[in-house]
Undergrad: 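One structure is given below, represented as structure tokens, and several questions about it will come after.
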Amino acid sequence: MVLKISHRSYFWLRILAVVVVIIGIIQLVRVNTPAPEKPVAEAPAVKYTSGPVVEGRVEVPAGEFTSFDIRLNKRSTLKGRFATENLKGSVACLLLTAENFELFRSGKEFQAVSKTGTIPGGNMNTRLEPGNYALA
């Protein structure tokens, strides 16, 4: 027994095959679409210190300290004067790297870049390399 396919039936079989291939291609493309790119979070811009670090009067209660962050991207000089209100008072001024400042805050042994003794006033003039510092 031999089946004969008419030209008309053969035409519709070809149409059906083409439709199946097109649907298959659409499914492949739809399933394999690239994921949308997530925006890359930008790192916050680092603000470097320039100009005066401290201006005006700063009051520090006895037995406590106040600190000021200094971020440098080039070699710089830190110059300044400090004084107590009267000669009976005394203050110490420390310039520390960021790592040593954390040690200082936690009460551990630290090494200062520059320091004064406990005195009623004085001057500071220190050359600094790029990096992060704290003036305490």
Undergrad: Linking Ile, Leu, Val, Met, Phe, Trp and Tyr through side-chain heavy atoms less than 4.5 Å apart, which residues share a cluster with V18?
TA: I22, I26

Undergrad: Heavy atoms only: give me the nearest N125-K79 pair and the separation to one decimal.
TA: OD1-CG, 3.5 Å

Undergrad: Check whether any side-chain heavy atom of V53 lies under 4.5 Å from a side-chain heavy atom of L78, and answer yes or no.
TA: yes

Undergrad: Determine which pairs satisfy ring pair (Phe, Tyr, Trp, His ring centres under 6.0 Å) with at least one residue from residues 50-83, sequence neighbours left out, and list them in order.
TA: F65-F104

Undergrad: Any salt bridge (charged side-chain N to carboxylate O under 4.0 Å, His left out) pairs touching residues 110-132, not counting sequence neighbours?
TA: R75-E129

Undergrad: How long is the gap from CG on L72 to OG1 on T77, to the nearest 0.5 Å?
TA: 10.0 Å

Undergrad: Mind running side chain to side chain contact (heavy atoms under 4.5 Å, CB included) on L95 and I70 for me, showing each step along the way?
TA: CA-CA 10 Å; L95 180 64; I70 301 171; 4.1 Å; yes

Undergrad: Is it the case that one hydrophobic cluster holds both W12 and V20, taking links as side-chain heavy atoms less than 4.5 Å apart, direct or via other members?
TA: no

Undergrad: Strictly by salt bridge (charged side-chain N to carboxylate O under 4.0 Å, His left out), give each pair with a member in residues 58-70 just once, sequence neighbours left out.
TA: R57-E59

Undergrad: Please list, chain by chain and in numerical order, all residues satisfying ring-ring contact (aromatic ring centres under 6.0 Å, His included) with F101, sequence neighbours excluded.
TA: none

Undergrad: For a 4.5 angstrom cut-off between non-hydrogen side-chain atoms, does T118 reach S90?
TA: yes

Undergrad: Are L135 and Y133 connected into the same hydrophobic cluster when the rule is that any two of I, L, V, M, F, W, Y join if their side-chain heavy atoms are below 4.5 Å apart?
TA: yes

Undergrad: Taking the side chain as every heavy atom from C-beta outward, state whether V113 and N100 have any pair of such atoms under 4.5 Å apart.
TA: no

Undergrad: Using side-chain heavy atoms (C-beta onward) and a distance below 4.5 Å, is T66 in contact with V54?
TA: no

Undergrad: Shortest non-hydrogen contact from T84 to G89?
TA: OG1-O, 3.6 Å

Undergrad: Just so I know, are the side chains of V91 and P120 near enough to count as touching, which here means a heavy-atom distance under 4.5 Å?
TA: no

Undergrad: Can you see which heavy atom on S114 is nearest to which on M124, and at what distance?
TA: OG-CE, 3.8 Å

Undergrad: Could you tell me whether E102 atom CD has more than 12 heavy atoms of other residues or ligands within 6.0 Å of it?
TA: yes

Undergrad: How many angstroms lie between atom CG of L94 and atom OG1 of T116, to the nearest 0.5 angstrom?
TA: 7.0 Å

Undergrad: Under the salt bridge (charged side-chain N to carboxylate O under 4.0 Å, His left out) rule, collect the residues that match up with E99, sequence neighbours excluded.
TA: none

